[in-house]
Amino acid sequence: MGWFVYMLRCGDGSLYTGYTDDVPRRLAVHQSGKGGKYTRSHQPVELAYQEELPTRSEAMRREAAVKKLKRQQKLELIGGRTAAE
C-alpha cells in the first residue's frame, strides 16, 4: 500500500497540502468539515493533485517540500495555471 501527497483547492482559491494512505477517505473527511483546522474554515474543498510515494516517510518529506513551494509553483505542479492567477 502506498502513501500519497495531495493538494486541495479550497473555496477561497487557497491551496492545502497533506499526506495520507487513503486519499478518498481523507478527502471525505475534509469535505465533511472534520479535516484539518485550515480546511474546516475554507470550505468547500476539492482534490486538485495527488502523488503516490512508496513509504510514509517519503510522503512526509515530499509534503514538506511541496509546502515550501511558492503558489505559482504549486499551480504549475497541479496543472492549474491560469491567466488570472
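- When every heavy atom of Trp3 is checked against every heavy atom of Arg56, the shortest pair comes out as CD1-N, 3.4 Å.
- Under the side-chain hydrogen bond (donor to acceptor under 3.5 Å, both in side chains) criterion, Glu51 pairs with Tyr49, Arg62, not counting sequence neighbours.
- Between Pro24 and the options Asp22, Leu27, Thr20, a side-chain contact (heavy atoms from CB on, under 4.5 Å) holds for only Asp22.
- When the side chains of ILVMFWY residues are joined at heavy-atom separations under 4.5 Å, either directly or via intervening members, Val66 and Leu15 end up in a single hydrophobic cluster.
- Here the shortest heavy-atom pairing between Asp12 and His42 reads OD2-CD2, 2.8 Å.
- Ser14 OG to Tyr38 OH: the interatomic distance, rounded to the nearest 0.5 Å, is 3.0 Å.
- Criterion: ILVMFWY side-chain heavy atoms under 4.5 Å apart, direct or through other members. Under it, Val23 and Leu8 are part of a common hydrophobic cluster.
- Closest non-hydrogen pair, Arg40 versus Gly35, comes out as NE-O, 3.3 Å.
- Residues satisfying the ring-ring contact (aromatic ring centres under 6.0 Å, His included) criterion with Phe4, sequence neighbours excluded, are absent altogether.
- In the hydrophobic clustering of this structure, Ile78 does not group with Tyr16; members are Ile, Leu, Val, Met, Phe, Trp, Tyr whose side-chain heavy atoms approach within less than 4.5 Å, directly or through other members.
- Under the side-chain contact (heavy atoms from CB on, under 4.5 Å) rule, Arg9 has a single partner from Leu47, Leu75, Val45, which is Leu75.
- The backbone N or O of His30 sits less than 3.5 Å from a side-chain atom of Gln43, completing a donor-acceptor pair.
- A pairwise comparison of heavy atoms in Glu46 and Gln31 identifies CA-NE2, 4.5 Å as the closest pair.
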Practice item. Apply the test side chain to side chain contact (heavy atoms under 4.5 Å, CB included) to residues Glu63 and Lys67: give CA-CA distance (whole Å), side-chain angles for both, the deciding distance (0.1 Å), then the verdict. Key: CA-CA 6 Å; Glu63 176 201 28; Lys67 284 182 172 183; 3.2 Å; yes

Review point. Would Thr55 and Met60 count as a side chain to side chain contact (heavy atoms under 4.5 Å, CB included) if you check the C-alpha gap in whole Å, the side-chain angles of each, and the deciding distance to 0.1 Å?
Key: CA-CA 9 Å; Thr55 67; Met60 291 172 69; over 6 Å; no

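- In terms of heavy atoms, Ala59 sits closest to Leu53 at CA-CD1, 3.7 Å.
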